[in-house]
Amino acid sequence: MAKNVAQSPLETSMSSLDQRLAMAKRCSHEGVVAGAKAAVLASIATAIPTVSSFASARMLPWARANLNHTAQALIISTVAGAAYFIVADKTVLATARKNSFKHASNN
């Protein structure tokens with residue numbers, strides 16, 4: 001009997017809203033995962049030459065004399081944070097664009 005009853009516009013818009021909300025959550029989750037991966041890689045890539053006295057003394061002689069542990073931690077944190085936000089933003093935008101084109105082709 002429920003199949004014979006037409007859905008109201010409010011019910012249709014609510015189901016559409018639920019689908020959009022689920023898609024937005026998936027896009028943001030993909031962005032968080034990609035950003036976290038990039039932050040880990042950036043931290044490792046930054047920490048090796050910054051913390052390692054051998055690499056920093058060989059590549060940047062002034063680094064050993066002028067960078068204390070706080071400065072090294074600040075450099076690593078800044079690079080990791082920047083990598084996270086850049087990659088997360090690009091991933092969310094790319095996923096939203098892909099879903100937008102997919103939604104436009106379905107109509």
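Fair warning: this is a prediction, and the values are worked out from it, not measured in the lab.
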Closest non-hydrogen atoms of A83 and A42, given as atom of the first, atom of the second and distance, are CB-CB, 3.6 Å
Heavy atoms of A80 and A39 approach each other most closely as O-CB, 3.6 Å
Excluding F85, membership of its hydrophobic cluster (Ile, Leu, Val, Met, Phe, Trp, Tyr; side-chain heavy atoms within less than 4.5 Å) reads V32, Y84
Margin query: Running the 4.5 Å side-chain criterion over Ile, Leu, Val, Met, Phe, Trp and Tyr, what cluster does V87 land in, apart from itself?
Written below: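 Its cluster mates, by chain and number: none.
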Interatomic spacing from [atom1] in [X] to [atom2] in [Y] - rounded to 0.5 Å:
X: S28; Y: R26; atom1: OG; atom2: CZ; answer: 10.0 Å
X: T91; Y: K37; atom1: OG1; atom2: NZ; answer: 10.0 Å
X: C27; Y: R97; atom1: SG; atom2: CZ; answer: 11.5 Å
X: L41; Y: T46; atom1: CG; atom2: OG1; answer: 10.5 Å
X: Q19; Y: L21; atom1: CD; atom2: CG; answer: 11.0 Å

Q) Are S43 and V79 close enough that some pair of their side-chain heavy atoms sits under 4.5 Å apart? A)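 No - every pair of side-chain heavy atoms lies 4.5 Å or more apart.
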Across all chains, not counting sequence neighbours, the side chain to side chain donor-acceptor pair (under 3.5 Å) partners of T95 are E30
